[in-house]
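Reading through the structure tokens given below for one structure.
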Amino acid sequence: MSDIIQLLPDHIANQIAAGEVIQRPASVVKELLENAIDANATKIEVNIKDAGKTLIQVVDNGKGMSKSDALLCFARHATSKVRNADDLFALTTKGFRGEALASIAAIAHVEMKTKEGNLDTGNRIVIEGSKVIKNEEIVCPNGTSFEIKNLFYNVPARRNFLKKESTEFRHILDEFERIALSHPSIHLTLSHNNSEIYNFHSEVLRKRISNVLGNGSNDKLVPIDESTDIVELKGYVLKPEHARKTRGEQYFFVNDRFFKSSYFNHAITKAFDGLIKNGLFPGYFLYLTVDPKKIDVNVHPTKTEIKFEEDKFIYSIIVSSIRQALGKYNIAPTLDFEPENSFQIPHAMRSQTPVEPSVRVNENYNPFATTSKSSTSYTGKASENQTTGITNHGFGQETAKSSEWENFYTIEEEDSNESLDLGLETRDHLSYIIKGNYIFTPSKTGIMVIHAKRAIEQIVYSEISNSFISNPITSQKLLFPIEKEVSKNEINIWTENQSILHQLGFQSSFNKETLSINAVPSVLQEETISNSIDEIFSTIAYQEIEKGDLAHTLIGAIAKSASLKKLNLTTDDKIQALIDQLFQCENHTYTPRNKKIIETISLDEIHQKLK
Ligand code: ADP
Ligand code: MG
């Protein structure tokens, strides 16, 4: 029988390799971003069209490539990052396989421009299906830029199996966010179909995390900082009350590389045990630094699984440091972007195998209660506690005996009116109390009770109607349009009122019986948008409204839906801000729907009741 075995031609071998490395547009984004980081870029721009199906462009200001490297980088197993087998066991770069560019060039139309900083000219290479079409000297900026077009043009099976645009773009966002979270000092931008999605300037980690998470998230973060001989653990966990129904906000990084680990994830679940409801997932951003020799990155082509030599030790460090931090958070005020004086393992203990600290749990502490009792009022006590040892990091039992707290009761038990003057000037000595929807706070004449949700409704109503008078309301484009099945009648209602809805900040389109909302008034929180649209429909459809009142009725509907979101009054400062905003409204006693917002219980009434 004649010989039948042949070596595969390069372009076929590359296509096969591409099947492993490049699964979807997001894989290209990841590989190009990693290469830019390995090239020491300080600024990287990513521009995407049609979720990467039409264009993926990545422009960096890194070190660029020489004329011959510019061509060689597309060859299989061409890498500048590994020289000998030993290097494989001490990787400090993101890439090392030398497969990514060869794979991408095998299945797309690629244009690359690159220039080294010390040269006047650079090179432009055009390559399609592994074939070099152009290789010329050009004038271009320092660094490297890649344009990837028509991904999978010659692999129809892959192209056809790409998911819908919003899904593919979500994958791109995931990769981009992982890189952004692991390299806060790099200026990173992302745009999709010419609109800017992210523009992260070089910043400290806490700020970067807050920017990725979105507005107001700084207050949700609890710092973790632990150093041992085997692993350094830094980062943040989200406070237990911000646990979510999905795993979205869970990030592990080792030596600045994102990875997934169900084993370490279990350690975190254990640390949060008893603090979050069943079915919810804690949020975390944990950064491990370990000796590169003690991990194996090379277990999976896309490199999100990593083997750790000392995984058991790391597991127990994760559990203990998160428990300490959570214990501390419950007694410490929210920290700002300043350097944090976090709890440290005493030096002598660092080389010992850690034992999980025993945590003294305050049985009365309810993590789901909205009260902010212990978070900001007792800063004096909190800082005292920070200096105590591991086992003293309980859940705030001590702080409940704060002298201010005792004072509150002492005053209450006094009988004369004079000593009961709890006016504004003394308010900052006292905590607010929240029960259900109500905020209780002292006033000049007694106790003021504020219906918090109605307060929010009134604030949003005033904000929108005030700006509506002078300008159209600022609207915010949605990353993924919200789609709603609607009836013919509802289509008519929406179309008839289109211009006023537009003025209010809504942008929308119809496709048969699906309404797509592309932009909403920027005061609306994402979780309330859908509610808001329902409110609008029921308002216009079922109420007789004078034309002139329509705008205000609609603003009322938006305000009502905005108030349905979960109250997030976790600190005294937030409560104070809410009250201040309420008092700035022209009408702060009744909502637009004529519901009472504030009630004051006078001392006389209390005296009467206590007779
Ligand atoms: P790897 O990253 O595993 O080395 P790649 O195929 O991703 O393999 O890249 C091949 C080589 O091309 C890299 O080792 C690097 O030398 C060079 N290279 C790729 N992208 C860039 C870039 N943006 N800037 C400078 N050099 C780059
Ligand atoms: Mg690479």
Side-chain angles (χ1 to χ4, degrees), residues 10-11 13-23 26-47 56-85 87-108 110-119 122-127 130 132 135 138 140-148 151 175-176 178-179 182-183 186-189 255-258 292 297-304:
D10 267 355
H11 69 277
N14 285 340
Q15 254 195 37
I16 294 170
E20 268 203 321
V21 186
I22 308 298
Q23 283 133 5
S27 332
V28 175
V29 174
K30 171 181 190 255
E31 294 296 336
L32 296 182
L33 278 171
E34 290 191 347
N35 280 347
I37 290 167
D38 284 343
N40 301 326
T42 55
K43 178 169 188 203
I44 311 173
E45 269 177 58
V46 181
N47 301 311
I56 297 167
Q57 185 189 40
V58 176
V59 184
D60 73 50
N61 66 353
K63 65 184 179 203
M65 281 178 259
S66 70
K67 188 176 163 60
S68 55
D69 279 358
L71 204 55
L72 196 58
C73 72
F74 291 105
R76 204 138 87 90
H77 303 310
T79 178
S80 56
K81 300 167 194 173
V82 174
R83 291 268 176 256
N84 52 50
D87 291 349
L88 270 184
F89 304 104
L91 290 165
T92 52
T93 52
K94 308 255 162 230
F96 55 87
R97 290 169 173 260
E99 285 183 317
L101 293 184
S103 301
I104 296 168
I107 50 164
V110 177
E111 176 181 346
M112 181 188 79
K113 295 178 200 155
T114 186
K115 180 169 100 66
E116 292 180 301
N118 56 343
L119 300 179
N123 287 86
R124 171 172 177 262
I125 310 265
V126 178
I127 181 162
S130 299
V132 178
N135 176 4
I138 56 158
C140 61
N142 290 344
T144 306
S145 92
F146 277 95
E147 275 192 15
I148 314 296
L151 187 65
E175 295 296 353
F176 184 89
R178 289 167 186 173
I179 294 282
S182 48
H183 296 276
I186 299 182
H187 182 174
L188 282 164
T189 66
N255 302 346
D256 297 334
R257 185 195 290 281
F258 172 81
V297 183
N298 203 358
V299 280
H300 192 269
T302 54
K303 298 171 296 231
T304 52

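Whatever order the structure lists ligands and atoms in, that order sets their numbers, starting from 1.
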State whether the shortest distance between N or O atoms of Asp38 and N or O atoms of ligand 1 falls below 3.5 angstrom.
-> no
Per-atom contacts, ligand 1 versus Ala100 - under 4.0 Å to a heavy atom | 6 (O), 7 (O)
Could you tell me whether the Mg ion (ligand 2) has an N, O or S atom of Asn35 under 2.8 Å away?
-> yes
Side chain of Asp60, backbone of Thr144: donor and acceptor closer than 3.5 Å?
-> yes
Counting heavy atoms only, which part of Asp60 comes closer than 4.0 Å to ligand 1: side chain, backbone, both or neither?
-> side chain
Any nitrogen or oxygen of Leu101, main chain or side chain, under 3.5 Å from a nitrogen or oxygen of ligand 1?
-> yes
Side-chain contact, heavy-atom cut-off 4.5 Å: Leu101 with Phe146?
-> yes
Looking at Ile179, Asn35, Leu188, which hits side chain to side chain contact (heavy atoms under 4.5 Å, CB included) with Ile44?
-> Leu188
Minimum non-hydrogen distance to atom 3 (O) of ligand 1, winning option of Gly62, Cys73, Gly98 | Gly98
Quick one: look at Ser80 and ligand 1, take heavy-atom pairs under 4.0 Å, and tell me if it's side chain, backbone, both or neither.
-> both
May I ask you to decide if Gln57's main-chain N or O and Asn47's side chain share a donor-acceptor pair within less than 3.5 Å?
-> no
Just by distance, do the side chain of Asn61 and the backbone of Thr42 share a donor-acceptor pair under 3.5 Å?
-> yes
Backbone or side-chain N or O of Lys63 under 3.5 Å from ligand 1 N or O | no
Side-chain heavy atoms of Ile104 within contact of Leu32, under 4.5 Å = yes
Whether Arg257 side chain and Thr93 backbone form a donor-acceptor pair below 3.5 Å = yes
Is any N or O atom of Glu31, backbone or side chain, closer than 3.5 Å to an N or O atom of ligand 1?
-> no
